[in-house]
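Read through the structure below, which is laid out as structure tokens, and then see the notes.
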Amino acid sequence: MAPTHSAGSPGLRPDRFDRAGRDQLIDIHDLQAALPGIRGLRHWAHDALAAAPGESAVDIGSGTGSEVFIFADAVGPTGEAVGVEPDPSLLASAQRHAERRNSAARFVSGDAYGLPLGAGSFDVALCERVFQHLTAPARAAAEIARVLKPGGRVVVMDSDWGTAIVHPGERGVVREVIETLVTNTTNPFSGRRLPGALTQAGLVVDDIGSHALVQDASAGAGALVARISAMAVARRAITEEQRQQLLDELEAGARSGDIHLSVTMFAVLAHKPQ
């Protein structure tokens with residue numbers, strides 16, 4: 001079992017894979033505070049995957065390409081590093097970054113349900129914060145298994161919003177806010193379900209890492225709680241007065257040091273049998 005770490009802040013990666021199940025909970029700028037914790041799991045993932053010179057590696061949902069560039073450096077000029085990204089603007093940004101870096105990394109348009117890659121063509125795969133947005137995660141797991149070579153390895157990382165903690169706050173109000181978050185996320189328990197999804201796709205789970213992504217106290221209630229609590233009011237789970245009291249208590253907790261906002265992210269290392 002890999003060690004559990006604690007850093008960073010809760011955040012959702014915007015869905016770029018499943019338009020039918022698109023979650024509009026938080027925009028990409030809200031992820032900035034979460035990056036320290038996410039970077040910790042990314043380091044764990046790259047160490048566990050251990051991409052080697054001459055190997056082929058793919059990042060599914062590659063965004064602006066940061067992890068693909070790490071793969072490109074690891075596999076060297078005789079290897080292959082590919083990013084798959086459906087968002088045209090992010091894809092273009094990644095390609096510009098590759099040109100500026102004079103990197104051999106390449107980027108292609110595609111999504112987790114239909115990777116534009118040949119069967120059995122990659123030694124290493126990474127997929128971060130994608131499954132929580134998918135209505136059919138089993139399809140994505142099957143696609144990962146399809147493109148991996150026999151003996152190929154993958155790390156899939158995702159949040160589990162059933163682990164969210166909001167403190168302080170009246171317990172009933174907090175419970176309704178978290179329930180609103182869960183019910184408005186396409187696949188909210190994706191973190192705990194990753195091992196099963198990969199196993200059912202024919203992969204063998206080798207290790208599981210985790211990070212408690214803890215929001216910095218200086219952020220107070222934060223954008224996510226403010227937004228989700230407003231949604232809880234809209235669905236009449238709590239009143240506006242209860243929402244304001246919760247936000248006030250969180251702001252007071254931030255000033256006194258008595259505040260905790262977190263969610264746990266899991267990373268599963270697996271391989272394709274020979």
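Along the sequence shown, the residues carry numbers beginning at 1. Values below: all heavy atoms of this structure, side chains included; hydrogens, waters and symmetry mates excluded.
Under the 4.5 Å side-chain heavy-atom criterion for ILVMFWY residues, no single connected hydrophobic cluster contains both Ile60 and Val68. No continuous path of hydrophobic side-chain contacts links Leu117 to Val75 [ILVMFWY only; heavy atoms under 4.5 Å]. One hydrophobic cluster, built from ILVMFWY side chains closer than 4.5 Å, cannot hold both Ile165 and Val173; they sit in different ones. Side-chain heavy atoms closer than 4.5 Å link hydrophobic residues (I, L, V, M, F, W, Y) into clusters, and following such links, even through other members, never connects Leu91 to Val58. Linking Ile, Leu, Val, Met, Phe, Trp and Tyr whenever their side-chain heavy atoms come within less than 4.5 Å puts Phe189 and Val263 in one cluster.
Of all non-hydrogen atoms in Met157 and Leu41, the two that sit nearest each other are CE-CB, 3.5 Å. In terms of heavy-atom proximity, Thr78 sits nearest to Pro53 at OG1-C, 4.2 Å. When all heavy atoms of Ala145 and Ala201 are compared, the closest pair comes out as CB-O, 3.5 Å. Shortest non-hydrogen contact noted between Leu246 and Pro168 is CD1-O, 3.7 Å. When every heavy atom of Ala254 is checked against every heavy atom of Gly220, the shortest pair comes out as CB-CA, 3.8 Å. The two atoms that bring Leu198 and Ala141 nearest to each other are CD2-CB, 4.3 Å, heavy atoms only.
Residues that satisfy the side-chain hydrogen bond (donor to acceptor under 3.5 Å, both in side chains) test with Arg171, not counting sequence neighbours, are absent from this structure.
Checking Asp87 against Ser89 by side-chain atom types alone, a donor-acceptor pair falls below 3.5 Å. A side-chain donor-acceptor contact under 3.5 Å links Arg235 and Thr180. Side chain to side chain, His46 and Glu67 meet the donor-acceptor criterion of an N or O pair below 3.5 Å.
Of the possible donor and acceptor atoms, one in the side chain of Ser121 sits under 3.5 Å from a partner among the backbone N and O of Gly118. Remark: the backbone N or O of Asp248 is not paired with any side-chain donor or acceptor of Glu251 at under 3.5 angstrom. Without hydrogens or angle criteria, Glu85 side chain to Gly63 main chain gives a donor-acceptor distance under 3.5 Å. In this structure, Asp123 contributes its side chain and Ser56 its backbone to a donor-acceptor pair below 3.5 Å. In this structure, the side chain of Lys272 does not engage the main chain of Lys149 through any donor-acceptor pair within 3.5 Å. Of the possible polar contacts, none joining the Ser210 side chain to the Ala267 backbone as a donor-acceptor pair under 3.5 Å is found. Arg227 contributes no side-chain N or O that, together with a main-chain N or O of Gly222, makes up a donor-acceptor pair within less than 3.5 Å. Ser62 places no side-chain N or O within 3.5 Å of a backbone atom of Gly65 that could act as its donor or acceptor partner. For the pair Thr163 (side chain) and Thr264 (backbone), a donor-acceptor distance under 3.5 Å is present.
Taking CG of Asp158 as the reference point, atom CD of Glu128 lies at 8.5 Å (rounded to 0.5 Å). Taken to the nearest 0.5 Å, the CG atom of Leu115 stands 6.0 Å off from the CZ atom of Arg146. Taking OH of Tyr113 as the start and OG1 of Thr135 as the end, the distance is 3.5 Å to the nearest 0.5 Å. Between the OG1 atom of Thr186 and the CZ atom of Phe131 there is a distance of 13.5 Å, given to the nearest 0.5 Å. Asp160 CG to Arg192 CZ: the interatomic distance, rounded to the nearest 0.5 Å, is 4.0 Å. Residue Phe122 holds its CZ atom at 13.0 Å from CZ of Arg153, rounded to the nearest 0.5 Å.
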*For Arg42 and Ser66, what are the C-alpha separation, side-chain angles and deciding distance, and is it a side chain to side chain contact (heavy atoms under 4.5 Å, CB included)?*
CA-CA 10 Å; Arg42 285 177 175 174; Ser66 61; 3.9 Å; yes
*Let me see the working for Gln244 and Glu240 under side chain to side chain contact (heavy atoms under 4.5 Å, CB included), right down to the final yes or no.*
CA-CA 6 Å; Gln244 193 56 58; Glu240 177 58 38; 4.2 Å; yes
*asked:* Run Thr199 and Val204 through side chain to side chain contact (heavy atoms under 4.5 Å, CB included) and show every step you take.
replied: CA-CA 6 Å; Thr199 299; Val204 177; over 6 Å; no
_Criterion side-chain hydrogen bond (donor to acceptor under 3.5 Å, both in side chains) on Asp258 and Ser256, from CA distance to verdict_ = CA-CA 6 Å; Asp258 181 24; Ser256 68; 5.2 Å; no
*Apply ring pair (Phe, Tyr, Trp, His ring centres under 6.0 Å) to His211 and Phe266, showing your working.*
CA-CA 7 Å; His211 244 304; Phe266 295 94; over 10 Å; no
*Apply side-chain hydrogen bond (donor to acceptor under 3.5 Å, both in side chains) to Gln245 and Glu249, showing your working.*
CA-CA 6 Å; Gln245 180 179 351; Glu249 289 178 2; 3.0 Å; yes
*Could you give me the CA-CA distance, side-chain angles and deciding distance for Val177 and Ile238, then say whether side chain to side chain contact (heavy atoms under 4.5 Å, CB included) is met?*
CA-CA 8 Å; Val177 170; Ile238 62 174; 4.1 Å; yes
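Side-chain atoms of Ile144 and Val156, non-hydrogen and from C-beta on, do get closer than 4.5 Å to each other. Annotation: side chain of Leu203 is in contact with side chain of Leu148 (closest heavy-atom distance under 4.5 Å). Between Phe71 and Leu49 the shortest side-chain heavy-atom distance falls below 4.5 Å. Taking the side chain as every heavy atom from C-beta outward, Arg193 and Asn187 approach each other to under 4.5 Å. In this structure, Val205 and Leu269 have side chains that are not in contact, with every pair of non-hydrogen atoms separated by 4.5 Å or more. Residues His167 and Ile259 are not in side-chain contact: their nearest non-hydrogen atoms beyond the backbone lie 4.5 Å or more apart. Leu250 has its side chain within reach of Leu261: a pair of non-hydrogen atoms, C-beta onward, lies under 4.5 Å apart. Using a 4.5 Å heavy-atom cutoff, the side chains of Ile178 and Val166 are in contact.
For the side-chain contact (heavy atoms from CB on, under 4.5 Å) criterion with Pro116, the lone passing option out of Asp111, Val147, Val84 is Val84.
Taking the six-membered ring wherever Trp is involved, the centroid distance between the rings of Phe107 and Phe69 falls below 6.0 Å.
At a threshold of 4.0 Å, the pair Arg96-Glu99 does not count as salt-bridged, since none of the basic side-chain nitrogens sits closer than that to a carboxylate oxygen.
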